[in-house]
Amino acid sequence: SAVISQKPSRDICQRGTSLTIQCQVDSQVTMMFWYRQQPGQSLTLIATANQGSEATYESGFVIDKFPISRPNLTFSTLTVSNMSPEDSSIYLCSAGGQYNEQFFGPGTRLTVL
Amino acid sequence: SQQGEEDPQALSIQEGENATMNCSYKTSINNLQWYRQNSGRGLVHLILIRSNEREKHSGRLRVTLDTSKKSSSLLITASRAADTASYFCARADSWGKLQFGAGTQVVVTP
């Protein structure tokens with residue numbers, strides 16, 4: 001199984017600022033994804049992080065708000081831009097094969113004041 | 001949007017009892033994966049069951065899949081206080097993208 005780390009583990013930010021979350025996998029993986037978990041809710045897919053090309057976003061999520069990079073097969077970043085209190089959530093990255101188990105990082109707990 | 005529904009939403013049992021939770025989905029799947037989450041922390045992968053499989057076991061966990069009914073169940077046998085957590089099913093499409101159910105909160109009391 002892949003071991004996934006995220007940085008930072010938590011942050012408190014002011015509205016209007018941006019935060020970049022890093023996700024590192026201990027082995028090369030085909031697929032990497034970013035999810036959001038709002039307080040008391042289940043997980044919602046934000047986007048698929050594609051290596052070497054633009055991310056593929058789900059309905060309701062746009063690149064200007066959540067720019068994503070994936071420069072190689074083990075690393076990805078998610079930026080939450082121009083934050084508002086509604087962006088307060090846990091952000092999780094996941095990684096795995098297209099048809100195999102998908103493992104999750106520990107999450108980044110974001111609070112926007 | 002969430003494509004899976006889980007029931008019950010909450011389950012309270014005593015140690016030693018079995019816990020069963022169900023997951024339904026609406027569209028075809030490549031596989032279905034079950035996860036556990038403790039107190040808003042990261043997700044722990046429990047079991048993956050593929051669309052051509054009907055049952056899988058892992059320790060005290062048993063997962064079944066009925067593709068004709070578009071449903072799956074997770075059984076935890078001989079539950080322990082440490083099993084207290086939220087359990088999620090997640091449907092995987094052919095691209096590997098997961099769509100999660102609402103989750104079942106399980107509380108196991110000593």
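Worth saying up front: this structure is predicted, and the values here are computed from it rather than measured.
- In this structure, the portion of A:F33 lying under 4.5 Å from any heavy atom of chain B is its side chain and not its backbone.
- Salt bridge annotation for B:R54-B:D66: absent, with no cationic side-chain nitrogen under 4.0 angstrom from a carboxylate oxygen.
- Here B:D83 does not pair with B:R36 in a salt bridge; the nearest charged N to carboxylate O distance is not below 4.0 Å.
- For B:E53, the CD atom counts as densely surrounded, since its 6.0 Å shell holds more than 12 non-hydrogen atoms of other residues, nucleotides or ligands.
- In this structure, chain B has a heavy atom under 4.5 Å from the side chain of A:E58, while its backbone stays farther away.
- Of the atoms belonging to B:L48, it is side-chain heavy atoms, and not backbone ones, that fall under 4.5 Å from chain A.
- Using the six-membered ring where Trp is involved, A:Y35 and A:F104 have ring planes that are tilted, between 30° and 60° apart.
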